[in-house]
Amino acid sequence: MNTFWKFSPWMSKFILLPPTAILIAVGVRHLAHPEVQAAERGIAFTKPLGATIYRVGFAGFPLGCAAFFAYCLRANRRTLTGLIFSVLFNGVVLAVRIYGMAVDSTVRQSLPLVKGEVVVVVISLVGITIEIGRRSHRLLGPLNP
């Protein structure tokens, strides 16, 4: 069991990598080609300000969150913060998506994204459990002497 706790900091960090990578990919994609990305989703810009607002919301925000995840990945003491942020962020995104599915009748189109978001939330919760256990193990030592 000591081997598990020895590798647990790396497991927690590994769990933070997918949300970081996904947000970087989303942010870069929307930053580089906002008109194309928006058109694929049925959004058209009628003024240049529309593209700027789109870039801020769909590129700036994800890239800012990815930067925070990267910051949390740099030190073991911040890993738990990153995992909690992942659950909160993805949980809110999931709640808003479910609300949008109900209001806009987009269940079929949104379901693949819902599945991915649920997986990220659940895996992040597993990471929180591991990280709290690691910290308890470090402070209390092994329970069976």
Side-chain angles (χ1 to χ4, degrees), residues 1-140:
M1 195 61 161
N2 282 335
T3 304
F4 176 81
W5 295 118
K6 190 179 292 185
F7 289 106
S8 65
W10 295 106
M11 288 187 290
S12 298
K13 288 178 185 295
F14 183 75
I15 289 170
L16 269 181
L17 286 176
T20 306
I22 290 166
L23 288 169
I24 289 170
V26 167
V28 168
R29 183 175 65 227
H30 291 281
L31 181 65
H33 307 289
E35 293 84 4
V36 173
Q37 295 300 317
E40 287 177 4
R41 287 153 186 81
I43 300 169
F45 303 131
T46 58
K47 296 181 181 180
L49 181 59
T52 299
I53 291 170
Y54 184 88
R55 278 189 174 104
V56 169
F58 289 89
F61 191 72
L63 290 171
C65 292
F68 182 74
F69 282 134
Y71 171 76
C72 290
L73 282 166
R74 302 243 329 133
N76 286 343
R77 70 176 197 261
R78 292 189 296 257
T79 304
L80 182 59
T81 302
L83 290 165
I84 292 169
F85 180 69
S86 178
V87 169
L88 292 173
F89 175 76
N90 289 295
V92 169
V93 168
L94 179 61
V96 170
R97 186 172 311 283
I98 290 170
Y99 172 78
M101 288 166 50
V103 171
D104 304 326
S105 300
T106 58
V107 173
R108 189 172 38 84
Q109 300 93 328
S110 299
L111 208 50
L113 294 170
V114 167
K115 291 176 184 176
E117 289 160 356
V118 167
V119 167
V120 170
V121 168
V122 168
I123 291 174
S124 296
L125 287 169
V126 169
I128 288 170
T129 303
I130 291 170
E131 190 61 19
I132 289 172
R134 179 187 74 81
R135 291 175 181 208
S136 297
H137 181 77
R138 189 184 67 201
L139 290 174
L140 302 175

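All heavy atoms count here, side chains included; hydrogens, waters and symmetry mates do not.
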Side chain [X], main chain [Y], donor-acceptor under 3.5 Å:
X      : Y      : value
Ser124 : Val120 : yes
Arg97  : Val114 : no
Arg74  : Ala70  : no
Arg55  : Leu31  : yes

To the nearest 0.5 angstrom, please state how far the [atom1] atom of [X] sits from the [atom2] atom of [Y].
X      : Y      : atom1 : atom2 : value
Leu83  : Lys13  : CG    : NZ    : 9.5 Å
Thr20  : Tyr71  : OG1   : OH    : 14.5 Å
Ser12  : Leu73  : OG    : CG    : 10.5 Å
Ile130 : Thr79  : CD1   : OG1   : 11.5 Å
Trp10  : Arg134 : CH2   : CZ    : 11.0 Å
Leu17  : Ile22  : CG    : CD1   : 11.0 Å

Determine the minimum heavy-atom distance between [X] and [Y], stating which atoms define it.
X     : Y      : result
Val87 : Ile128 : CG2-CD1, 3.7 Å
Ala59 : Gly27  : CB-O, 3.2 Å
Leu80 : Arg135 : CB-NH2, 3.5 Å
Ala66 : Leu23  : CB-CB, 3.9 Å

Margin query: Is it true that, when you exclude Phe61 itself, more than 12 heavy atoms of the residues, nucleotides or ligands shown sit nearer than 6.0 Å to its CZ?
Written below: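 Not buried by this count: 12 neighbours or fewer within 6.0 Å.
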Notebook entry, point to check: Taking everything shown except Arg41 itself, do over 12 heavy atoms lie less than 6.0 Å from its CZ?
Noted result: yes
Validation row: [X], [Y] side chains within 4.5 angstrom (heavy atoms):
X      : Y     : value
Phe89  : Pro19 : no
Ser86  : Phe69 : yes
Cys65  : Phe85 : yes
Phe14  : Phe7  : no
Glu131 : Ile15 : no
Val36  : Arg29 : no

Notebook entry, point to check: Aromatic rings Phe45 and Tyr54: how do their planes relate, parallel, tilted or perpendicular, breaks at 30° and 60°?
Noted result: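 If you compare the ring of Phe45 with that of Tyr54, the planes turn out perpendicular.
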